[in-house]
Structure formats: C-alpha cells, structure tokens
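See structure below.
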Amino acid sequence: MQTRDWDKMADEAFRLEVRGFFQKQYPEHLRFPAYHLRWADTKDWYKKLVDKGWAAPGWPKEWGGMGLSPSKLLIFIEEQERHGVARTPDMGIILLGPLLIKFATEEQKKRFLPPTLRGEYIWCQGYSEPNAGSDLANLKTEAVLDGDEYVINGSKIWTSYAMDATHMFILVRTDKQAKKQEGISFLLVDMKTPGITIRPIRNLLGVEVFAQVFLDNVRTPAQWLVGKPNQGWTMAKALLGFERISIGSPKLAQTGLKRLEAIVQSQGLTRDPAFMDRYTQLRLDVADLASAYGRFADLLKRGETLGPDVSILKIVATETFQRLTELTLEAAGDAGALGGKVAFRKDSVDILSPFYNARPATIYGGSNEIQRNILAKNVLDLPG
Amino acid sequence: MQTRDWDKMADEAFRLEVRGFFQKQYPEHLRFPAYHLRWADTKDWYKKLVDKGWAAPGWPKEWGGMGLSPSKLLIFIEEQERHGVARTPDMGIILLGPLLIKFATEEQKKRFLPPTLRGEYIWCQGYSEPNAGSDLANLKTEAVLDGDEYVINGSKIWTSYAMDATHMFILVRTDKQAKKQEGISFLLVDMKTPGITIRPIRNLLGVEVFAQVFLDNVRTPAQWLVGKPNQGWTMAKALLGFERISIGSPKLAQTGLKRLEAIVQSQGLTRDPAFMDRYTQLRLDVADLASAYGRFADLLKRGETLGPDVSILKIVATETFQRLTELTLEAAGDAGALGGKVAFRKDSVDILSPFYNARPATIYGGSNEIQRNILAKNVLDLPG
Amino acid sequence: MSQQEDQNRMLRDAVTTFAARDTSIARVRELRDSAPGFDKAVWKTIAELGWTGIMIPEEYGGMGLGLSEMAAVLEEFAKTLSPEPLNPSAVLAARALLHGGNEALKKKLLPGIASGEILPALAWQESEGGIDPLALATRAEGGGLNGGKRFVFPADADGYLVSAQSGNGPVLYWVEKGTAGLTVEYESRADGTRCGRITLRNAKVSDSQLAASGKTAGAALQRAVDEATLMAGAELLGVMSRALEITLEYMRIRVQFGKPIGSFQALQHRAVDLFIQKELSFSVLRDALLHLAADPSGLSLWASRVKYRCSEAGMRIGRESIQIHGGIGFTDECDIGLYMKRAMVLSAWLGNGATHRHRYAALAPAEAAA
Amino acid sequence: MSQQEDQNRMLRDAVTTFAARDTSIARVRELRDSAPGFDKAVWKTIAELGWTGIMIPEEYGGMGLGLSEMAAVLEEFAKTLSPEPLNPSAVLAARALLHGGNEALKKKLLPGIASGEILPALAWQESEGGIDPLALATRAEGGGLNGGKRFVFPADADGYLVSAQSGNGPVLYWVEKGTAGLTVEYESRADGTRCGRITLRNAKVSDSQLAASGKTAGAALQRAVDEATLMAGAELLGVMSRALEITLEYMRIRVQFGKPIGSFQALQHRAVDLFIQKELSFSVLRDALLHLAADPSGLSLWASRVKYRCSEAGMRIGRESIQIHGGIGFTDECDIGLYMKRAMVLSAWLGNGATHRHRYAALAPAEAAA
C-alpha cells in the first residue's frame, strides 16, 4: 500500500501516475460500460484499488484515504472518466465516508470506516421515497426511539445497489412536529436486519440496478445515529460539494459523442452535410459544456466554494447528453430501434442503452425543473 | 353597388369573382406590404370597396354588407391574403360592426353603421392599458355617469390607427365593486372630444403605427353606451369568433417563406444542404400549420363553433413566423443586420421589417403564454 | 363525407370493442421477446373482424375500402400496442401484391391474406436500409434469388414478397417460408418484437411466383411502401395520443410539493407543446387522406409529410412523457415506457423523420411549399 | 493569473467610470442614423484612456497588452452600447497593419492610431460578404486598385486598409480617404450605425502604402480578422449580460395578474435558459483566452467557437428579452430594443453563428472535439 504525500507532487506528474495505473490495471472489457455495473463485476477491480491504497481518494490519510486536495481529487476523477473506469458501488466511499469523517463520533468512525474502505461493507443510500422524489423534505419513513434502538417504518425507492449492499444509510423522520426540512435524522442500518424487504426494479433497459426497499419495524442501534438528531437533512446537504460538480461533468456527453462518431463513420454520414451540421452543433455544445465545467473545476482547485450557479452544469450536461442520444438514434436510421449491439459497416454499437440511460439523467440528483427553480430564485433573484 | 345573393353562388365561382376583382382593382404597389399601412395609403382602395358594395363582407345586407356565410367569408379572406391585400384601418368593420349589429339599439345602429361603412368614421379600439395587457380584466380606465354623459378618465395603449381614427370604442370600468371581469362597459367616443390626447408610439421598425391615448375628463353621451352596463367585457369577448381563427392564419408565414425563398435563390443557398434542411423543416411546419388551419376553417364553413383548441393555431402561426424571420436573417449572412431594402444578387428584400413585426405577434391578441395557460386548463383539463 | 365518417366511426367502435375484449397491456408485456412475438389466435380475431382485408378489393375477398378506413382502424389499433403485424401484412405486403401484375398469384394469395390464413411480409430493404425500393442489391438470376434483406416484419411470415434486381429491371417474387436457400435470422426491436434478417442463397423461384416485374414492380413497390408509410403515421398518431392521455392523467393525480404536478406552469406549457405536436400530426394526416381521396397522385409527397411529422411528434411525446413521469417513467413496470418504445419502432420503421424530411425536399420544389 | 486579474479589474473599472461620465443611452439614441454615427470627442476620450492602443506594442505608442485585456475592456464597453468603433479600429484594422511587414508604415500610422488621431478601417470583405479574407475579387494591378468592398466599419475612416489580389498573391494597401478613385456609399445597420460600401476605380497606390503582401498579407489578414472575431464575442457577451440584467429587473417589478411576472414558473425557466446561454458564452470566451495566452496556435478555431456561441446566445437573449418585456419591448422608447439591435449587428458582423459553426466543422476534425 502506497501512502505518499500526493500534494507535494506536481499536478502533471500526479496525472500521469494515475493514468498509468488505470491503463495497466483496469480490466479492458469493463471500460466505458453502457450501463451500471454490479459489485460482482467490479469487486476484483476494487480489490486492486484497496491494495494500492487508492480506494478512497478523497478520504484523509488517517482513515486510509489518499488525502487528496480538491485539485488532485479532480485530476483523479478526470483520469477515471477519461479511461472509462466504471463506478463501483461506491456510495460508502463517496457519500458516506466524508459525512462520517465530518460528523460521526470517534467510535462510529472506527466501527464503520475501515470495513467500508476494505470493501467489506457495501452501502446503499436511502433518501428518495415514492412520494418524496424531487421533494425530499416530504419524506415519510419514520424512526421511533424504543429503548436503545430506533424502530424504522416506511419505504425507500431508487435505491441503487440495494441488492449488493450490506448496509444502508438512511434519512428518516424523527420529529413529526418539526417543519418539513427539519425533524429528519441520519441513521445507519444493517441490511440483514429483520423487516427489510428488497424489491428490485427493472428499468427501461430491462436490467435491475435499483430497488424499492421496504422497512417494517426495522430495529437499528440508537448509537448508529450520525450527528445530531433532527439534523440529518442539513448534514446530508452540506456534503454535496463534489457531487454538485461531478453530476455536471462533460464526460458522459463526450463518451456519447464518441459512440455517435462511430456510427457517423459506419453509416457514411460524413456525406450528409445536413446531418453533419447538427452533429457539429452538438460537438460545440459539448465543447462549451467542458469549458463551463473547467471554470467551476478551477474554483474548486483553488479551494473556493461553489455557488448555486453550478447547477447550470447539471442542466447542460444532462440535456446535451439526451440530445446526443437522440441524434444517435436518428443517425442509426432504420437500425435506430434495434436492441443490443447493432452491427454497422465498421463498428458494433449499443444505441438504445445510452438513449434509455439519458432519460433519468434529467430527473435524478434534483430534477432539472427543480434546478431551474433554484437558479431562478437563488441566482437570478426572481420573486418566489 | 352590387347586392347579390352570394350564398346561392358556388364556392369556386365566388372565389374566382373575388380573386378577379382584387387582381383588377387592388393597387399593385400596395401588395404584401412589409408593415402596416395608414389610412392615407389605403383610403382610395377602401373607396373602391365601398363603390363595389364589398366594404363589409361580414355584415348583413340590410346594413350594406355582403351578408356572406362563414364559408364564403373565409373564402373572401383567403383571397385577400393570397393577393396580399393590405388591411385598412378596419376595426370598425371587423370588430365594432358585428358587435353593434348584435348588441346595439336600433338608434345606435342607424347612427353609427352607415358612416362606418362609408369610411367616414374610422375607429380605433381602446382595450389594452399600460397595466392591463395580457390581463385585460385589470383595466383601470373608469367612466362615471354625470347627468346624461359619462366622464372618462384613464389611458389606453397599443391603440392602432389612433392617429387616423375619428372615433374610438372603448372598454371602461363602470363598477369598481364588481369582480374583475365584471363592472366593465362598452362605450363609443368621438376622438375630437376635449380631453383626448394622443401620443404616437414609435415601434422597433421606427414607424408610428400605434399610440397611447390619454383620456382626461372626456365626456361622451350616455346613449353611446352599447349593450348593458357592466357587461362590456363579456360582449367584446363573444365577438371574437373570426378573430380567433384569422389570428392563426398561415398566410403570414407563407409570405415569409416567399421572402426567404428569394434570399435563398439570391445567396445561392441551394448549394448549402445544411441550411436547406432547416429551410425544409420550416416549410414542413408552415405546410402543417396550413393543414391545421384548414381543419378549423372546415368547422367554421360547416357552421360549427370553434372550441378553445383553436388557440393552437395562433401559437403555431406566430412562433413559426418568428423562426422564419430568424432563419431569414441568418440566410442573409453579413447583410443580416442591414436596414431597408437590401440588394442581393437577384432581388431586393427588406429583411428586418418582418423580423421586427414577428416579435409582437406572440404578444398581442392574448400572448402565447396566456394561450398556453388557457389550453392547459380548458383543453387539457390540467389543474389550476 | 358524412357516409365516410359513419363508416369510420363504426370501424373505430369495432377496435374499441377489440381493445376491451381481446387485448390488454398485460398481454402486450407477456408477448415481449417471445417468438413469433404476437398471438396467432388474436391475429385470427383481427382477420375475422375484417381488418386484414380492408384494403383488399372485394373480388379477392376483402372489404375494398381505402386509406381513410385503414387509417381509422390502425390509429385505434395502435393505441392498444398490440404487436400483431396489421399494417405490415394488410397494407405493406398485401398492397405490393395487389399492385403487381400476376392475376393468378393474387387470386391464390389475397383471399387467404384477407381471411388471415396467410401471413405475408414484404422483404424490400437491403441490409443497409434506406427507403428507395429500387436501390436493390439482391439479384434474381437463373431462376434463383441471391442477397440479403433486412428489417423484415413480421419476421416469421408464411411467405415473403422479395424484391430483387433482374436483367429486366426490378422484380418481386413470392417466396414461401421453408424454401431452400432462404434463412431468417432475428434482430430484436425496442418494443420487444423482432424483425428478420433474411439471407437468400440461390433460393429457387419460378414464373408463377413472380408477382411483378419491370415498371409494374417498381410502381407496385413504391406505392405499397408509400401507403404503409402513411399508415405508419396513423399508427404513430394513435400511440402518441394515448401516451399523451396517460401523461395528462398522471399530471392530474401525482402530487409534489403539496400540489398536483399538472398545476405547475412550466409543466403545463410543456404538455401544451406536446398537444400541439399531436394536433399537427392529426391535421396533416387528415389533410393527406382528404387530398388523396380526391387525387391519389401526390401519394409519395403526402406520405413523407405525414411520416415526418408523426415520427418527430411521436418520438418527442414519447420522450417527454417519460420525463414528465419522473423516476417512475424510467421503470419497466410503468406503462408509459411501452408507448415510447413503440413510438421508437414506428418512427424508425420505413424511414425516420429526417429521412422523410429529405425526401420531401427532393419531391417538392420550394415554390410549391407555400 | 492574479496579476492578470488585477490588470483586467483596473481596466474594467476604467470602463465603468467612462460609462458613468462619458456616455449614456440618451447619447446612443441621439447618434442613431447620424453621420458619422459616433462622437469624435468621445473617441478622443477613449483614446486618452488608452483603449485604442491596448493591443499595439509599446514601441508604437500602445500599451502592448493582449487579447485578455482587450476583451475585458470591450465586454464592459459594449454594455454601454457606445457606437464608437473600438474593436474595428483598435483590433481589426490596427492588428492587420501590425501583423504586416511594412515597418515604415507601422511607425507612421500605429502611434496615431493608438493616440486616436488616425481612425483606420479594414476593408477586407468583397460585396458578396463571406469570411475568407483570401477570397479576393478586388485587384491590384499597375499601381491601382479596382473592385468593391462592403461591410466596412467605420465607414468614415481616415484611411482604409484595402485587401486585394495581385500578381504576387494577396496584398494589403493603406488608402487614405479622399484618394481619387475611392468612393464610399453607406448602408444602414439595425443599430443606427452605418457601414461602408467602397468602390475602387483605379485608385492609385504606391509601395510605401503596401502594408503587407503575399503570405505575410494572408497571415496578417487572417490573424487580425480572427482576433476581431474573438473580440466581437466579448462585445456580444457584454451586450447579452446587460440585456439579461435589464430583463430580470423588469421581471421583478412588472406586475400582471397581481404578481410580478418574474414569479411565473414558465417565465422563470425561460430566464434560466437565457442565463445558461450567457454563462456558456462567458465560459468559452474565458477558456479561449486562457488557452490562447498559453498557445496562440488555435486562434481560428477558438475564434469560431466563441463567435458561434456568442452570436447565437446574443441573438436569443436579445429576442427573448423583447418577448419577456411584452408590448413595451416592441416600442422604440424601451431600451431593450437597442440591445437586441446591437446584438443583431454584432452577430452578423465578421460571420454569423451558422458561418462560424461551418468553419469550426471544417477546422476541427471530429475526433478532436471530445
């Protein structure tokens, strides 16, 4: 395991080292997957990351992380995306870890961080509910203290990796009198606890990535509550720093552009100037998205905080990606409704999976409608 | 003067007769004007219409109209549009006349209809106010009965032809206690009455077509109130039959297409397939608008009433026209910001006037936002 | 018009009854990714209702009706998402045969097609796709066919009308399934149906199988493809209408932030824009049917206008319906996805929106547009 | 970066002072449709502030700064809608001269351009327009120039740098106003300024007037045009930023149906979409300036990227600002129309959005895009 002072390293040297590792160690057949991979697909790769000491790039060194600065962390992510390295079920590393490190007790940290780092604990996130999607503050799942345990009742939905998870971190209502955003606490739950039922949900691709999780009198130790009671939502929100920029990364669109480029070549569309012009428009949209991303990334690298205007990235990234997958269907012509890998003259391309995956992109992570509402109020200062 | 039973005539024969008259009698230099003409430009032409007995195609014969059925009236309008016959200041003929015929007393009819028909009375419409544009029910101009006269105070805006008008028909608040849409009356006013000030408003084209009209203790006879007091808005709204379809006519867009075609030829854009493809898209949009218009026109011709869904025509017609003028600017390239008639290789075309005129098209006559609100509630049955 | 309208209303009513009694979304789900991908019993019912013979003349056992009646049935039928290949067999294949010149073959096959006993498919596209029926790579030489056909639907037909290039111009042969040298592979489509990829390796054909040749074959192919293209517009109209209805209903009942989402202005305006696209689709199809009833000469142009608008509108309404449904719209268990997927298939089939926009531009000189 | 930022902030502050003291919307209105269309006294002030010399090296009396500083000034300057031809003279014309090879001519003219005493214009486009500076129809033969130039701004310059085709390739001559054989006609632009249509009938030129020839002339023209194109992006950014500010302010105060119109969700989302376009314009310009500071080689490509986005965004924000203002937006007395019209002029100038999209496609192989 390498523990080095990465911050002393020059940015370019660091970038090359990261790139080299991915190139050598990451399995070729898992590059740029057309859909989300499961733990069974990625656990060998995760093991390599653990051995290298690179499993938690954003965690401080004392907890086994790489202790990267925002600037270096961004380079790490950029290289991941450039090489097409798939996400593992990484909710524990990316979302939970930083939250525990910031808000948990020393005991909690010792109890949960090491096995999470080693990949023994796989976490899923219990935030959304059937009637609290865009409107998280409306959540109904409640936890009542009974002795030294909380008793949880309710259900969570869109829970990615629920089928692979050993544990869940969950937002629950602990004070029904409080105003909507308040009265919510942050609890940890063992997925083996009696009363938990997982109903996998098939998506438009026909695969099961997320699930609905039912909690029926599920008991979890009171000392597994993180932070202060009724402050869960505020806490969870505060940790969205990197999430807010990475959800607006241009990589998805750039990968889509490469896929489209393959079809353009195979279908001989370079001889169709009308099509090529719309293709050029999209290329320019993606290029300008990358410029906008770079501008916010520079702020992070300089250690500044991102304002609410970073929401524009998510809107542009997801809507550009959608249009890209739509133009890809059109480019495929008669083959534009064929499933699986479709053989064109030169390449085989999966057209439909990215098209389907682009649909929820504008919905999850705060729907684009909500993002626009927020921008209108908090950035453009328009009346409520 | 011809008074014939037009309804006995076959549609096609009628169409040819109308077309022949326009071709012979309408001044060539006034065809397809790029902006609204004033009374000075059109009064000779109007005189010809009067002499022919065709000044008021929609009025019944007893009042000197042609007494056309909806079907024949539509043909008349179609031929006007096809030949590029300009509108005269025709508010008195198109809007006021039918309203008087339906709601006025016999005395009022005798007093106002004949001079209106002869073009001696030129009417302007006083509906909109500075703070009641999209929201007409909010109007503030008020009329108070004082003996046998109403005393009017307030101001009206976007009053087309105010500078040419001898009279004005005006909506005024006569009951301040009533709910917003009620308490509004319909009055007639002589423009020479003391207390009326006209402030012409220059538009984006740099010409003065409409005006703001200030009314400062303007007195008008109480017997010039049309219909029942406080029922003016309901009455005015009921008369919007033909207005609602003619505001959605495809003619404006079709004329724009011809103008664009001239530039396409002159600029050699037929050799730019990317441009031509977007041009084709617009051609298809205009063609389908014409199909939709035809469907509603057929309803009218069959004597049926138009539902609120006719609003889609206005939205499509005005927004297609806007996009057309935008593509025209683009087609003009470096010359796309030059004013007046611009010389291209083959033709001279005024690019900017239609572009400017297309702007308010989506605003006037009930803004497209309002139209969408209405469609959402009254046609799609969405909650308020 | 009135008699026509009555006729169409009766036909539509029949589909409504069929929709309530003979099919359901559950059945549609069941048949996805199965072989042949539709239910032969339901196909029999459809034939008994006469729909397979709507556009087949009475002398060949059909109803002898026209595009307008077929469109009425297909629009309603499409709302049910039934995977049975009505347009492909009763219009695309049957009409190609009918427009051909082999009277004996017509007498032999058309009554069976009308009665549902024979399920035909037209194999006209080459493996690269494209909508010009005369761009033929498949060859007819020495009494045999050689080449490959793609996007053949239904894939599992009783026989295929195969177009090919011969020494004397285009030809169209009836090739029964099981013929030596004919093999069918399958490609799955977004909606769970499958289309065929046919390979012909010296598949023997005789003159009695020759449905049309030369100019007659070219004209028959073009006309049948155009008719089916126009009818695909009617199907898309049905799919988008139903998708929009479902979405509007969802907007009325789904509550977020304490209010039905249909009360949010931004979503309302989005729904209105979808409604407008649906109305434009309806209008151009209506206009096309009216014009073609009076003058059939503009068929290709009208087919392209209709297919362009309906493909674009169908795709857009499909996509945006998913968006308006939010997370649930991304799940397979929500019906709205089935409508989007069918719209995707119908939109790509017989030339997508862009393809027909290009063809419209080629067919219609700009002056004629206004 | 920090020193650069300080520099730019000081420059921007100077423009703010200028905006408050030396210009106003009333002045802009006043100058519309007048000759020469701008105020020579204000031009003098601008020169005194040093802006005419920002991109002229110190050795020729300028400030010797770069694109980044010029962009900062032009963005702020454009917000005032001042009609003074800063970019056309201080970038387009001055830089063409500077990139040329005639040292004597540079020494003669550049100090005067920097000090504001000489107002130059580059006459590079032929009457058909187009953005390829080497597509030259104007001829230089036998010591005289013959041809026509269009879209020359400012139309009333003290002298024109005229590009032409000679026996030895492209040439660029300095032709003073009043030269025999040179006539200037005027075309009015949407914003009330006017551009020149120049005719050259054997206008005599000598070697001392030859600013550049051959490859040097071609490169000088291309580089100067690209630099001015990039700077037009900065101007468009200024115009659209201010237009959006005005529109947002109007949305906060204009009341309809008892509420400020800015509280209606559909309008809010529309405003957000305009804001996004403005932010994309800002981002691509920023990125271009950062990259070009490190590596000037990609100038044409970056210029096209910037001009494409800023032209499209500027036009859209201009148009939609009018729409959001409602009826008042259609009146000449409402300032927002002035911003739209300036956006129209800047968008069409030096190649509109579509033109630069095409050039981008030609310059950037698809693989390099991602």
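Note on naming: letters A, B, ... go to the chains in the order of the sequence lines (proteins, then strands), and numbering restarts at 1 for each one. Because the structure is a prediction, the values reported are computed rather than measured. Side-chain atoms are counted along with the backbone in the values below, which use heavy atoms only and exclude waters and symmetry mates.
Most heavy-atom pairs under 4.5 Å with chain A: of the set C:Ser188, C:Gly129, C:Ala266, this distinction falls to C:Ser188. Interface remark: of the candidates A:Gly333, A:Gly336, A:Gly340, A:Gly333 forms the most heavy-atom pairs closer than 4.5 Å to chain C. Between chain C and the residues A:Gly339, A:Pro360, A:Ala332, the largest count of heavy-atom pairs under 4.5 Å involves A:Pro360. Interface summary for chain A: among C:Gly337, C:Gly130, C:Cys334, C:Gly327, the most heavy-atom pairs under 4.5 angstrom belong to C:Gly327.
Distance alone, capped at 3.5 Å, places no donor-acceptor pair between the A:Asn203 side chain and the C:Phe330 backbone. With hydrogens and angles ignored, the 3.5 Å screen pairs a side-chain donor or acceptor of C:Lys341 with a backbone N or O of A:Leu204.
Neither the backbone nor the side chain of C:Arg32 comes within contact range of chain A; no heavy atoms are under 4.5 Å apart. The contact between A:Leu352 and chain C is made entirely by side chain atoms (from C-beta outward), counting heavy-atom distances below 4.5 Å. Only the side chain of C:Arg150 comes within contact range of chain A, with at least one heavy atom under 4.5 Å from a heavy atom of that chain. Proximity to chain C involves both the backbone and the side chain of A:Tyr356, based on heavy atoms less than 4.5 angstrom apart. For A:Arg345, the part lying near chain C is the side chain, with the backbone staying farther off; criterion is any non-hydrogen pair under 4.5 Å. When heavy atoms are compared at a cutoff of 4.5 Å, A:Ala274 approaches chain C solely by way of its side chain, counted from C-beta outward. With a 4.5 Å cut-off on non-hydrogen atoms, A:Asn373 does not touch chain C at all. Of the two parts of A:Phe355, only the side chain, counted from C-beta on, holds a non-hydrogen atom closer than 4.5 Å to a non-hydrogen atom of chain C.
Ionic pairing of A:Arg359 and C:Glu320 is not present here: no N-O contact between side-chain nitrogen and carboxylate oxygen is shorter than 4.0 angstrom. Salt bridge annotation for C:Glu333-A:Arg202: absent, with no cationic side-chain nitrogen under 4.0 angstrom from a carboxylate oxygen.
The minimum heavy-atom distance between A:Phe210 and C:Thr331, with the atom names listed, is CE1-CG2, 4.3 Å. Pairing each heavy atom of C:Ala354 with each of A:Glu330, the nearest pair is CB-OE2, 3.1 Å. Residues A:Leu338 and C:Cys195 share a closest heavy-atom pair of CD2-SG, 3.8 Å.
Atom CD1 of A:Ile157 sits about 5.5 Å away from atom CD1 of C:Ile328, to the nearest 0.5 Å. The CG atom of A:Asp334 sits 8.5 Å away from atom CD1 of C:Ile131, with the distance rounded to the nearest 0.5 Å.
A:Asp272 places a side-chain heavy atom less than 4.5 Å from the side chain of C:His358. Within the 4.5 Å cutoff, the side chain of C:His325 has no heavy atoms near those of the A:Ile363 side chain.
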Trace of the side chain to side chain contact (heavy atoms under 4.5 Å, CB included) decision for C:Met315 with A:Leu329: CA-CA 11 Å; C:Met315 285 298 286; A:Leu329 246 67; 3.5 Å; yes
Trace of the side chain to side chain contact (heavy atoms under 4.5 Å, CB included) decision for C:Asp332 with A:Ile201: CA-CA 8 Å; C:Asp332 184 65; A:Ile201 301 174; over 6 Å; no
From CA spacing to verdict: side chain to side chain contact (heavy atoms under 4.5 Å, CB included), A:Gln322, C:Arg319: CA-CA 10 Å; A:Gln322 281 191 347; C:Arg319 289 191 316 255; over 6 Å; no
Trace of the side chain to side chain contact (heavy atoms under 4.5 Å, CB included) decision for A:Glu369 with C:Arg270: CA-CA 12 Å; A:Glu369 278 78 24; C:Arg270 223 161 135 174; 2.3 Å; yes
